[in-house]
Amino acid sequence: MLGSVTSLPSPVRPSMILSAVLLAAHAFLATDAVAAPASNPQSSQQAASAQDVNPVIQWNRILLGIVRTPNAQPATVHSTRSFAIMHAAMYDAVNDIDRKHTAYRIRLADASPSASKDAAASSAAHDVLSALYPGFKSVFDAGLAQSLAPIPNGQDKSDGVRIGATVASRMLELRADDGADAQPIPYVFGNAPGDYQSTPPNFPPQPQFTHWSHVKPFTLPRADQFRPKSPPALSSEKYTDDFNEVKSLGIANSTTATADQALVGRFWNGAIQNYWNEIAQTASAAHELSTAQSARLFALLNLAFADSVIAFYDAKYAYNFWRPVTAIRSAGTDGNPETPADPNWLPESGKTAPDPSYPGAHAAISEAAAEVLASFLEADHFEFAVTSEVLPGVQRSFMSFSAASEEATLSRIFAGQHFRFDLAAGHRLGRDVADFVVDNFLTDRVGEEN
């Protein structure tokens, strides 16, 4: 079932310009209406304004503001890497003090159990982001100063800052040679039926992130651990059905898609991991998670995102499958009489994402998110609203994480971006990665000594 929609005249969300990032830093301790408990989302958002801002949520917001700032994110480095490094460092720093779960990578033997967890979390986030985005260091410095201001001066505060800084430094060292700084691999477009080709109307000269499958995963033993099986043959019934579905529903100004389906296709047509980080902010605030709990949730979430991206780029460039716009315009070459061509077809979203179609990225990220959130919170049911990254002021509301995941996944058909089989493969991939992360990382320290 598709979510309900609301248009907001004055949305409160991070801007895509630098001034908003500066504003977020200077208002670091200000409260914000971010939570929406199940009973009454709007009233609970107002109630949340009386609560202190969780430092994990606040630094997640600051990083979202950075990656939404034009040209702030390096074009050849996927933003999920930054979120994973930051949240892994925040988690290990806080967990070195809390010691209730296994470390992700860094365990400090001398961490004081009375050290400030908030100071450790903010210090770790500040140092990671200052290294990854040095041009924004003044923003991070302001955020750190304001985040530390309400913490009483003393040894516990100093210890927290030191723990955060130490963990951040070591985490950055661990990722220093992970392959993210490599240059993209030059790509040669195919010309046979089914081959990925540059897509109209803009015809990008090269696809994106051709090197990303070679980046060292954060949790997976290897990028192809959960690689899906091949896409269906062009002559198959599955291909035929899914071809005709996206051809009908995903075309610009479709006469068969409902108005809501067309809206859904546009609503989710942004960086999908950003939507889910904001959903996690809402869930964390609504459940009144502590700093330690939030640090663990956001680390699990963003580790799963980072490895899902590495994994789906492995599969995308293993199969090099054409996008719907190419398939539909060139259908006369596919040898399938039940897939009629339309040489002028364009997707509802206008342009097509510049990488191969199979598997679907939105499906992988969304299913990974829903799996992590439902597992951590021990419930899929949660009433919340999320605001579009690309349609300012437009919200959609959901009754569960899985419902939002399903809509975000199906949106790629309505946007004309993907075949349904792309989405099914992405869904399985995201679920497999999330389950692996949750089962094997940041687990309870059962039987261990503190």
Exercise for review: Kindly compute the distance separating CE (Met399) from CZ (Phe384), expressed to the nearest 0.5 Å.
Suggested key: 10.5 Å
Check your understanding: Donor-acceptor pair, Ser130 side chain versus His126 backbone, under 3.5 Å?
Key -> yes
Check your understanding: Can you name the closest pair of heavy atoms from Tyr317 and Pro354 and give their distance?
Key -> OH-O, 4.4 Å
Exercise for review: Classify the angle between the aromatic ring planes of Phe421 and Phe321 as parallel (below 30°), tilted (30 to 60°) or perpendicular (above 60°).
Suggested key: perpendicular
Check your understanding: According to the salt bridge (charged side-chain N to carboxylate O under 4.0 Å, His left out) rule, which pairs have a member within residues 411-426, sequence neighbours left out?
Key -> Glu245-Arg420
Review point. Should the pair Arg175 and Phe218 be classed as cation-pi, given the thresholds of under 6.0 Å to the six-membered ring centre and 45° from the axis?
Key: yes
**Study point:** Steps toward side-chain contact (heavy atoms from CB on, under 4.5 Å) verdict (Val372, Val437)
**Key:** CA-CA 9 Å; Val372 169; Val437 172; 5.7 Å; no
Practice item. Identify, with sequence neighbours excluded, every residue that meets salt bridge (Lys or Arg N to Asp or Glu O under 4.0 Å) alongside Asp432. Key: none
Review point. In terms of ring plane angle, is the pair Phe189 and Tyr187 parallel, tilted or perpendicular, where the classes change at 30° and 60°?
Key: perpendicular
Point to revise | Pairs where residues 352-368 contributes a residue and the test salt bridge (charged side-chain N to carboxylate O under 4.0 Å, His left out) is met, not counting sequence neighbours | key: Lys316-Asp355, Arg323-Asp355
**Study point:** Under 3.5 Å donor-acceptor, His427 side chain and Ser405 backbone
**Key:** no
Exercise for review: Keeping the roles fixed (side chain from His418, backbone from Ala363), state whether a donor-acceptor pair exists under 3.5 Å.
Suggested key: no
Check your understanding: Taking the six-membered ring where the residue is Trp, are the ring centres of Phe441 and Tyr91 under 6.0 Å apart?
Key -> no
Practice item. Determine whether more than 12 heavy atoms belonging to other residues, nucleotides or ligands lie under 6.0 Å from atom CG of Asn253. Key: no
Review point. With distance as the sole criterion, is a donor-acceptor pair present between the side chains of Asn336 and Thr240 under 3.5 Å?
Key: yes
**Study point:** Any donor-acceptor N/O pair, Glu407 side chain to Val264 backbone, under 3.5 Å
**Key:** no
**Study point:** Qualifying side chain to side chain donor-acceptor pair (under 3.5 Å) pairs with a residue from residues 339-352, counting only residues at least two apart or across chains
**Key:** Arg266-Glu348, Asp334-Thr339, Ser349-Gln417
Point to revise | Arg170 and Asp92: CA distance, side-chain angles, deciding distance, salt bridge (Lys or Arg N to Asp or Glu O under 4.0 Å) verdict | key: CA-CA 11 Å; Arg170 294 188 186 180; Asp92 269 353; over 6 Å; no
Study note, to complete from the structure: For residues 218-238, the salt bridge (charged side-chain N to carboxylate O under 4.0 Å, His left out) pairs (sequence neighbours left out) are Arg222-Asp224, Arg227-Asp314, Lys238-Asp242
Check your understanding: So Trp59 and Phe140, would you call those rings parallel, tilted or perpendicular, with 30° and 60° as cut-offs?
Key -> tilted
Check your understanding: Once the angle between the rings of Phe267 and Tyr275 is folded into 0 to 90°, is it parallel (under 30°), tilted (30 to 60°) or perpendicular (over 60°)?
Key -> tilted
Check your understanding: Has Gln206 got more than 12 heavy atoms of other residues, nucleotides or ligands less than 6.0 Å from its CD?
Key -> yes
**Study point:** Test applied, ring pair (Phe, Tyr, Trp, His ring centres under 6.0 Å); reference residue, Tyr313; option that passes from Trp212, Tyr319, Tyr358, Phe209
**Key:** Phe209
Point to revise | Derivation of the side-chain contact (heavy atoms from CB on, under 4.5 Å) call for Ser366 and Ile272 | key: CA-CA 7 Å; Ser366 295; Ile272 189 61; 3.5 Å; yes
Exercise for review: Enumerate the residue pairs fulfilling side chain to side chain donor-acceptor pair (under 3.5 Å) with a member in residues 294-311, sequence neighbours excluded, ordered by first and then second residue.
Suggested key: Asn54-Ser294, Thr219-Asp307, Asn277-Asn302, Ser284-Ser294
Exercise for review: For Arg81 and Asp181, run salt bridge (Lys or Arg N to Asp or Glu O under 4.0 Å): C-alpha distance rounded to whole Å, both residues' side-chain angles, the deciding distance at 0.1 Å, then the answer.
Suggested key: CA-CA 11 Å; Arg81 176 181 182 266; Asp181 291 337; 5.4 Å; no
